Amino acid sequence: MQEFRLPDPGEGLTEAEIVSWRVKPGDAVRVNDVLLEVETAKSLVELPSPFEGTVEALLVEEGQTVEVGAPIIRVSGGDADAVESSSDVEQTVVEEGSGDEGGAVLVGYGVRGGVQTRRRKPQTVREAPAASSAPAPAPQAAPAPQAAPAPLAAPERTTGADASAAAPVGRALAKPPTRKLAKDLGVDLASLTGTGSRGEVTRDDVMQAADGGGAAPAAPAAPVWTGEREERIPVKGVRKAIAQGMAASAFTAPHASVFVDVDATRTMEFVQRLKASRDFEGVKVSPLLIVAKAVLWALARSPHINSTFTDDELIVHHYVNLGIAAATPRGLLVPNIKDAQALSLRELAAAIQSLTATARDGRTPPADLQRGTFTITNIGVFGMDTGTPILNTGEAGILAFGSIRQKPWVVDGEVRPRWVTTVGGSFDHRAVDGDVISRFLADVASILEEPALLLD
């Protein structure tokens, strides 16, 4: 009998919330089968099994927050020491440079866990277990926020060993962020055929259905106040991390904010040309791509904005880990593109597309949330013209990109309709002075007014 304890996530965290179990008592598991999903203060991650055997008991319920090192599941039989350490396990590997061994570390198996590693065992194709003769569970609705956790014995997901099998009767196989998206858009998950690798309904499936690829969602009803007069939501996980980080930044770094209106007509024309180009086929192109490239161009001309201020020194980074703020069902996340300055325009477009899709699906690995040097927040997607964002802790600048609207604009002495936007941002006045901030923003504006400068 082996107890699996909540491992060190390798993020400097001490606890995590059990989001959902992928197994139930009696299931057979093998090394690297996904046991459960946990939410840390930074991301939602899957924890694979270090054991091979049969699940005897789940020791904690969904929704519980447990400390690192606490026992969460018991497994009997099999090889208790076999731990998968390969770096090709999807969504489970991060680069961990602070450990004694270095190299790639399995998420959830930090260097302090004391778990032995062995060579990868040859993988064999196994047949899915025979269907249980027990009665199928009653259909369950998609979980609502703050709902009580389901009983541990009620299977809601397939195991890692039986991931391709059908979901329980009445419940489509889908991840929690996808379920919330479907609920918000009025899409019935049970009516969709999943295109995920394990047959699960993906975010794209839901969006396609909402856009007309499936049953049209019903028009939303007028909002009505329901339930208790007050709702008390525990501050934990991502929300707690956001609160702590924003408070630390706001009351540590003196923020200076500047703004400029920009004629982005040529940017909009450039975006349309890129969309029609074969070189950008299959890649999402938007004005955000041009803004990102403009920021990289401007940072090279004003490198002190791409810095970190400490009490003893100013660390100027000669690389850009470009953060893109993403609103997700779990809160605001800021994953970053490592060494974005080295990417071509097409590579940058693909990186932004992958980063935002992964964030909205709740699958951002912890490594993508660390070591950012500058951030862009695209508030224009919410119809906002401008704002004064708070700096990401450890960064000296954040740029706010507002909505692009047709407005009257004076061109050669005549008023004409033009595509106009506002760019602005906040900067750490300890690290950079007003003239540097102004030159940086003017450089970004000049690229949006004439994207051909990027080709110089």
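Both backbone and side-chain heavy atoms feed into the values below; hydrogens, waters and symmetry mates do not. This one's a predicted model, so the numbers in the text were calculated from it and none came from an experiment.
Of all non-hydrogen atoms in L391 and A253, the two that sit nearest each other are CD1-CB, 4.1 Å. Closest heavy-atom contact between N32 and P48: OD1-CB, 3.4 Å. I379 approaches G387 most closely through the heavy-atom pair CD1-N, 3.6 Å. Minimum interatomic distance between L274 and I290 (heavy atoms only, all atoms of both residues): CD1-CD1, 4.1 Å. When all heavy atoms of A340 and L322 are compared, the pair lying nearest together is CB-CB, 3.8 Å. Between A292 and L348, the shortest heavy-atom distance links the atoms CB-CD2, 4.0 Å.
Between the side chain of S438 and the main chain of G434, a donor-acceptor pair closer than 3.5 Å is present. Under the 3.5 Å distance criterion, the side-chain polar atoms of T202 are left unmatched by any main-chain donor or acceptor of T195. Within the 3.5 Å criterion, the main-chain N or O of W21 finds a donor-acceptor partner in the side chain of E62. Side chain of D368 to main chain of P365: no donor-acceptor pair is present (N/O by atom type, distance under 3.5 Å, no hydrogens or angles). In this structure, the side chain of N336 engages the main chain of Q370 through a donor-acceptor pair within 3.5 Å. Remark: side-chain polar atoms of Q406 are not paired, donor with acceptor, to backbone N or O of P417 under 3.5 angstrom. Counting only distance, with no hydrogens or angles, the side chain of N321 and the backbone of D339 share a donor-acceptor pair below 3.5 Å. The main-chain N or O of L299 is never found under 3.5 Å from a side-chain atom of S302 such that the two would form a donor-acceptor pair.
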(request) Kindly determine whether T252 and T393 satisfy side-chain contact (heavy atoms from CB on, under 4.5 Å), including the steps that lead there. (result) CA-CA 9 Å; T252 300; T393 304; over 6 Å; no
(request) Check the pair K293, I447 against side-chain contact (heavy atoms from CB on, under 4.5 Å), reporting the backbone distance first and the verdict last. (result) CA-CA 9 Å; K293 198 65 175 178; I447 294 296; over 6 Å; no
(request) Evaluate the side-chain contact (heavy atoms from CB on, under 4.5 Å) criterion for residues L296 and L343: first the C-alpha distance (whole Å), next the side-chain angles of each, then the deciding distance (0.1 Å), finally the verdict. (result) CA-CA 10 Å; L296 295 172; L343 301 180; over 6 Å; no
(request) Might you work through the side-chain contact (heavy atoms from CB on, under 4.5 Å) test for V381 and F401, ending with a clear yes or no? (result) CA-CA 9 Å; V381 297; F401 173 38; over 6 Å; no
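Residues satisfying the side-chain hydrogen bond (donor to acceptor under 3.5 Å, both in side chains) test with D263, not counting sequence neighbours, are T265, R418. Taking H317 as the reference, Y319 meet the ring pair (Phe, Tyr, Trp, His ring centres under 6.0 Å) condition, with sequence neighbours excluded.
The side-chain heavy atoms of F440 and V444, taken from C-beta on, include a pair separated by under 4.5 Å. Within the 4.5 Å cutoff, the side chain of V320 has no heavy atoms near those of the V295 side chain. No side-chain heavy atom of H255 sits under 4.5 Å from any side-chain heavy atom of T388. A 4.5 Å side-chain heavy-atom check between L369 and P335 finds at least one atom pair inside the cut-off. Contact of the N392 side chain with the I398 side chain is not registered, since no non-hydrogen atoms from C-beta on lie closer than 4.5 Å. Inter-residue side-chain proximity for P50 and F4 is flagged as met; some heavy-atom pair is nearer than 4.5 Å.
Distance check: I437 CD1 to H429 NE2 gives 5.0 Å after rounding to the nearest 0.5 Å. To the nearest 0.5 Å, atoms OG (S249) and CD1 (I390) are separated by 6.5 Å. In this structure, OG1 in T358 is found 11.0 Å from CG in L333, a value given to the nearest 0.5 Å. Atoms CD1 and CD1, on I18 and I72 in that order, are 5.0 Å from each other to the nearest 0.5 Å. Atoms CG and CD1, from L47 and I73 in turn, are 10.5 Å apart once rounded to the nearest 0.5 Å. Rounded to the nearest 0.5 angstrom, I376 CD1 and L399 CG are separated by 6.0 Å.
Counting heavy-atom neighbours within 6.0 Å of R346 CZ, excluding the residue itself, gives a total above 12. Atom CD of E313 has more than 12 neighbouring heavy atoms from other residues, nucleotides or ligands inside a 6.0 Å radius. K338 NZ: more than 12 foreign heavy atoms inside a 6.0 Å radius. Around CD of E67, the count of heavy atoms belonging to other residues, nucleotides or ligands within 6.0 Å does not exceed 12.
A donor and an acceptor atom, one from each side chain of T373 and N306, are located under 3.5 Å apart.
Taking a cutoff of 4.0 Å between a charged side-chain nitrogen and a carboxylate oxygen, D385 and R405 qualify as a salt bridge. Contact check on R439 versus D443 returns no salt bridge, with no Lys/Arg side-chain nitrogen under 4.0 Å from an Asp/Glu carboxylate oxygen.
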Please report, to 0.1 Å, the donor-acceptor pairs under 3.5 Å made by any side chain of residues 420-428, with sequence neighbours excluded.
unit_1, atom_1, unit_2, atom_2, d
T421, OG1, G402, O, 3.0
T421, OG1, S403, O, 3.1
T422, OG1, D261, OD1, 2.7
S426, OG, S257, OG, 3.1
S426, OG, P389, O, 2.6
D428, OD1, R430, N, 3.0
D428, OD1, R430, NE, 3.1
D428, OD2, R430, NE, 3.3
D428, OD2, R430, NH2, 2.8

